[in-house]
Amino acid sequence: MLMIRFQRIGRTNDAAFRIVVVEKARAAKTGRIVERVGSYNPHNKEMTLNEDSVKGWLAQGAQPTDSIRNLFITKGVLEGKKVNVLPKKTPIAKEVEAEETKPETSATEAVPETENPSTVEKEQKEESPAPVEVAQADEEKKPVETAP
C-alpha cells in the first residue's frame with residue numbers, strides 16, 4: 001500500500017518537508033521513495049505541489065496521512081472536512097487521584113453537624129469568655145497618661 005507523507009529535510013530547529021509517495025512499510029527517511037510530489041516549509045507556509053501527480057496517486061489508491069490530507073484540503077486538491085491531528089487531552093493525574101481517593105459517605109457524615117455531639121462540645125469550648133476577661137483586666141492595669 002502506498003502512502004503520501006512528509007519526508008523531513010533541513011537543519012536542526014529549521015525543518016522543511018518533502019511530500020513524497022512511499023510504501024507504507026518503509027520509513028520516509030530511507031530514501032526509497034516512489035515519487036516526490038512537492039515540498040512544504042511550515043515556517044513561512046510555502047508549499048509547492050504537483051497536483052496532477054497527486055491526483056493520479058490518489059486515484060491509484062495511495063492514502064495521505066492526516067496532516068497531508070489537511071494540506072491538500074487547504075490547497076483545494078481534495079474536498080472534505082479536515083481531520084484533527086492533535087492528540088486528545090488526558091486528565092491531570094492529580095485530578096484522577098483525587099477522584100479515586102474520595103472517601104465514601106459514612107454514617108457520621110449523614111448526620112448534620114448541629115446534631116453531632118462531638119462538634120457541639122468543640123463549639124462550646126471555642127466560645128469560652130476567658131480571653132475577653134483577660135483583655136479587660138489588662139486595660140485596667142495600664143496607667144492613664146495625661147497630655148502635658
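Values reported hereafter were calculated over all heavy atoms of this structure, with side chains retained and with hydrogens, waters and symmetry mates removed. FYI, the numbering just counts along the sequence from 1.
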Same cluster or not: are [X] and [Y] linked, directly or through other Ile, Leu, Val, Met, Phe, Trp or Tyr residues, by side-chain heavy atoms under 4.5 angstrom apart?
X	Y	answer
L2	L71	yes
L78	F17	yes
V20	L58	no

Open item on the list: Working to the nearest 0.5 angstrom, can you tell me the gap between K75 NZ and M47 CE?
Closed with: 5.0 Å
Task: Spacing of CD belonging to E23 relative to CZ belonging to R5, to within rounding of 0.5 Å - done: 10.5 Å
Open item on the list: According to side chain to side chain contact (heavy atoms under 4.5 Å, CB included), who are the partners of I68, at least two apart in sequence or on a separate chain?
Closed with: I4, F6, I19, P64, T65, F72
Side-chain donor-acceptor distances from residues 34-42 under 3.5 Å, at least two apart:
unit_1	atom_1	unit_2	atom_2	d
E35	OE1	S53	OG	3.3
E35	OE1	W57	NE1	2.5
E35	OE2	S53	OG	2.8
S39	OG	T48	OG1	2.7
N41	OD1	H43	N	3.1
N41	ND2	N44	OD1	3.4

Task: With D52 via salt bridge (charged side-chain N to carboxylate O under 4.0 Å, His left out) - residues at least two apart - done: none
TODO: Determine the sole option in T74, N70, D66 for which the side-chain hydrogen bond (donor to acceptor under 3.5 Å, both in side chains) test with K82 is passed.
DONE: T74
- [ ] Apply side-chain contact (heavy atoms from CB on, under 4.5 Å) to L49 and V77, showing your working.
- [x] CA-CA 10 Å; L49 192 63; V77 176; 3.7 Å; yes
TODO: Verify the neighbour count for atom CD of E79: are there more than 12 heavy atoms of other residues, nucleotides or ligands below 6.0 Å?
DONE: no
- [ ] Tell me, yes or no, whether the heavy-atom count around R8 atom CZ, taken from other residues, nucleotides or ligands under 6.0 Å, exceeds 12.
- [x] yes
TODO: Given side-chain contact (heavy atoms from CB on, under 4.5 Å), test R69 with V83 step by step and report yes or no.
DONE: CA-CA 8 Å; R69 176 182 165 85; V83 179; 3.5 Å; yes
